[in-house]
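Here the structure is a predicted model, which is why all the values come from computation and not from measurement.
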Amino acid sequence: PPPGAAKPPADVKPADPAKPAKPADTGKPAAPAPAAPADPKPAPMSRDARIRELESKVEKLTKAMADMKAPAPAAAAVPVAPPPPPPEPDKGLEPLRGIVVSGYVQAQLENHDDSEDQLRPGGALYNQNRFLIRRGRIKIEREWDYSSVLLEFDGNTNKGPQFQLFRAEAALQYRGSNPAPAPALVKLSMGLFDVPFGYELSESSKTRFFMERSLQSRAFFPSEPDLGFRVSGQLGWFRYALAAMNGNPLGDVTFAAQDPNNHKDFVARIGAFVSPAKSLDISGGVSVLNGKGFAKGTDATKNILVWTDKNEDRAFTSGEINGSAAFPASPSYNFDRWAVGADLQVRFDTPLGTSKVYGELQLGSNMDRALFIANPTLGGQPARELGYYLGVVQDVTRYGVVGFRTELYDPNADFLGYQSGKAIPASQAIRIQSPMVGVVIPGRARLLFQYDFVRDHLGRNVSGAPIDMKNDQWTLRLQGDL
């Protein structure tokens, strides 16, 4: 008993806690015991039991996830038709990848002081004051690792509307360490391509600011392309080109793009390109040409009668009918021709833009094929030709350009003429000064104006003495690039 409580009597036994106490007999019926709840709360689980239950659940979830990742049983294989074979390139089905297409149009207005509203014998026009399409060209190129192909077509109205093949070149090449678009280390070309002589022939008409090549260059080479075989390339600063060609360029007035003799013209140019400073480029080269020209013979003639209306009465009278004897055919002849040349170009940057100073000197024998056509079989001696030019082009910001070119061409560099059967000093030299000005939209269009002051001795005064012929000209050109 707790302290302070009264102790029970000795004869009283304590109640057994395991046995329920009997209710006291009061003479009244006992109250019913309360009913147990239908769903008693489960006894709280111990910590170890809870851990074991969680481990069991984790094990079941891990097994279920492994079953989900297992591959499904393979279905029965369905036969699939093999893919069609790829198209063969030689059948023209390969996509047109790597083909580069470029072009330009040069439309211009010309004015010539020597134009007349008359016709030449044969119907050619004396008038040259006109609008025309000087060049309308489109070029298609494709290059692979070891080969390339090029096609260029030209349309113009210089002598009426015409469209022609202008360049066609197939080539094999080995680049070595030269990355594109630099020239290959070795390139073998065959077809219709520019003659590798001097600088102007290789300069594109699309990028040249002056209207045409110099007069001497156009006399030697009426057009840039000729048919032949060429070996060219670049090794560091060194550049070279060797070619064997027909010797009759496209613009030749006698045998354009043909070869009347078996001999081929040998052409070579060796040059260099260096950049001693970041804003300075220097390039140049020397060129040689050796070939044979062709002088066409005449056909045989028959005996004929010729009537000359001396008194202009339109009637046959005595003494107006004469005979002309037959002549046999005259043979054709080959003759030697050669040319040498040197060129230099310097480009540098100024506050206004890029400046370019360049020039070229060429000396030849029997090389004139367009202006004073050389034919030593008639004169009895070879002709010596001399020509040079010096030009300056200056950018005025990105959108303007000015330039000046002076040139000389002498088709008879021997400086001798014949008068009254005597050899006397004479000069057939032609000098031209050409200022130029223009507006440029880079990569899109150009509007250029050039005036040519022509000084020569092709005119005659009333007494027959040589004087300067009035043949100055100017050109306004609008060029659009593709």
Side-chain angles (χ1 to χ4, degrees), residues 89-90 92 94 96-106 135-156 162-176 178-208 213 217-218 220-235 238-252 255-259 264-271 273 283 285 287-289 291 369 481-482:
D90 58 356
E94 185 181 12
L96 301 178
R97 295 174 297 180
I99 293 181
V100 179
V101 180
S102 59
Y104 60 98
V105 174
Q106 294 177 344
R135 298 177 183 91
R137 294 180 181 172
I138 184 167
K139 181 166 63 174
I140 305 172
E141 300 174 86
R142 179 69 163 96
E143 183 172 344
W144 295 270
D145 292 337
Y146 298 102
S147 63
S148 65
V149 65
L150 181 148
L151 284 171
E152 185 171 3
F153 301 92
D154 173 71
N156 59 75
Q162 55 183 343
F163 190 79
Q164 64 178 345
L165 179 67
F166 196 72
R167 290 183 180 90
E169 176 183 345
L172 298 175
Q173 63 184 7
Y174 173 69
R175 286 202 161 275
N178 296 350
L185 181 64
V186 180
K187 186 174 183 179
L188 309 178
S189 306
M190 184 174 289
L192 183 64
F193 49 81
D194 292 342
V195 180
F197 188 92
Y199 173 73
E200 282 191 301
L201 288 176
S202 60
E203 184 184 22
S204 172
S205 301
K206 180 179 180 180
T207 59
R208 182 176 57 238
R213 291 181 285 121
S217 180
R218 284 178 285 156
F220 281 18
F221 303 95
S223 185
E224 296 90 346
D226 194 4
L227 288 159
F229 174 80
R230 178 183 62 193
V231 180
S232 61
Q234 174 181 335
L235 179 60
F238 179 73
R239 297 182 178 183
Y240 65 94
L242 309 173
M245 317 197 77
N246 283 346
N248 296 82
L250 285 183
D252 195 301
F255 301 98
Q258 302 179 69
D259 196 356
K264 306 306 173 201
D265 285 10
F266 172 77
V267 189
R269 183 177 189 270
I270 298 175
F273 180 90
S283 60
S287 306
V288 295
L289 182 148
R369 291 174 282 187
D481 298 338
L482 177 61

Exercise. So, does Q173 use its side chain to make a donor-acceptor pair with the main chain of G233 at under 3.5 Å?
Worked result: no
For this session: Measure from NZ or CZ of R269 to the centre of the six-membered ring of Y240, then state whether that distance is under 6.0 Å and the direction lies within 45° of the axis.
Result: no
Exercise. Is the closest side-chain donor-acceptor distance between Y104 and R137 under 3.5 Å?
Worked result: yes
Seminar exercise, completed: On a heavy-atom basis, the closest approach of S223 and G251 is CB-N, 3.4 Å
For this session: Could you grab the distance from atom OH of Y199 to atom OG of S217, nearest 0.5 Å is fine?
Result: 12.0 Å
For this session: Please round to the nearest 0.5 Å and tell me the distance separating atom CZ of F166 and atom CG of L192.
Result: 8.0 Å
For this session: Look at the side chain of S287 and the backbone N and O of G198, then say whether any donor-acceptor pair between them is shorter than 3.5 Å.
Result: yes
Exercise. Step by step, would you call R167 with D194 a salt bridge (Lys or Arg N to Asp or Glu O under 4.0 Å)?
Worked result: CA-CA 8 Å; R167 290 183 180 90; D194 292 342; 2.8 Å; yes
Problem set entry | Heavy-atom pair of closest approach, residues A184 and Y174 | CB-O, 3.7 Å
Exercise. Could R218 and E224 be called an ion pair, given the rule that one side-chain N must be under 4.0 Å from one carboxylate O?
Worked result: no
Exercise. Where do V267 and V288 land on the side chain to side chain contact (heavy atoms under 4.5 Å, CB included) test, with the steps shown first?
Worked result: CA-CA 6 Å; V267 189; V288 295; over 6 Å; no
Problem set entry | Euclidean distance, D265 CG relative to N248 CG, rounded to 0.5 Å | 7.5 Å
Problem set entry | Plane angle bin for F221 and F197 - parallel if under 30°, tilted between 30 and 60°, otherwise perpendicular | tilted
Problem set entry | Test item: F193 and L227 side chains (from C-beta on) under 4.5 Å apart, heavy atoms | no
Exercise. Run the side chain to side chain contact (heavy atoms under 4.5 Å, CB included) check on R142 and S148 step by step: do they pass?
Worked result: CA-CA 6 Å; R142 179 69 163 96; S148 65; over 6 Å; no
Problem set entry | Test log, rule side chain to side chain contact (heavy atoms under 4.5 Å, CB included), inputs K206 and D481 | CA-CA 8 Å; K206 180 179 180 180; D481 298 338; 3.8 Å; yes
Problem set entry | Check: P183 main-chain N/O paired with N178 side-chain donor or acceptor under 3.5 Å | yes
Exercise. Is the backbone N or O of S204 less than 3.5 Å from a side-chain atom of T207, with the two atoms forming a donor-acceptor pair by type?
Worked result: yes
For this session: Ignoring hydrogens and angles, tell me if any N or O in the side chain of N246 forms a donor-acceptor pair with the backbone of D259 under 3.5 Å.
Result: no
Exercise. Got more than 12 heavy atoms from elsewhere within 6.0 Å of CZ, F229?
Worked result: yes
For this session: Please round to the nearest 0.5 Å and tell me the distance separating atom OH of Y146 and atom CG of L172.
Result: 12.0 Å
Problem set entry | From CA spacing to verdict: salt bridge (Lys or Arg N to Asp or Glu O under 4.0 Å), E169, R230 | CA-CA 10 Å; E169 176 183 345; R230 178 183 62 193; 2.8 Å; yes
For this session: Report the C-alpha separation of F153 and L165 in whole Å, then their side-chain angles, then the decisive distance to 0.1 Å, and conclude whether the side chain to side chain contact (heavy atoms under 4.5 Å, CB included) test is met.
Result: CA-CA 5 Å; F153 301 92; L165 179 67; 3.8 Å; yes
Problem set entry | Six-ring centre of F220, R369 cation under 6.0 angstrom, axis tolerance 45° | no
Exercise. So, Q162 and N156: side-chain donor and acceptor under 3.5 Å apart, yes or no?
Worked result: yes
Problem set entry | Approximate separation, where rounding is to 0.5 Å, of R213 CZ and E203 CD | 10.5 Å
Exercise. At what distance, to the nearest 0.5 angstrom, does CD1 of I140 lie from CD1 of I99?
Worked result: 7.5 Å
For this session: Sequence neighbours left out, what passes side-chain contact (heavy atoms from CB on, under 4.5 Å) with I270? Give chain and number order.
Result: F238
Exercise. Quick one: does D226's side chain have a donor or acceptor within less than 3.5 Å of a partner on L250's backbone?
Worked result: no
Exercise. Is there a side-chain contact between R175 and L185 (heavy atoms, below 4.5 Å)?
Worked result: no
Exercise. With a 4.0 Å cut-off, would you call E152 and K139 a salt bridge?
Worked result: no
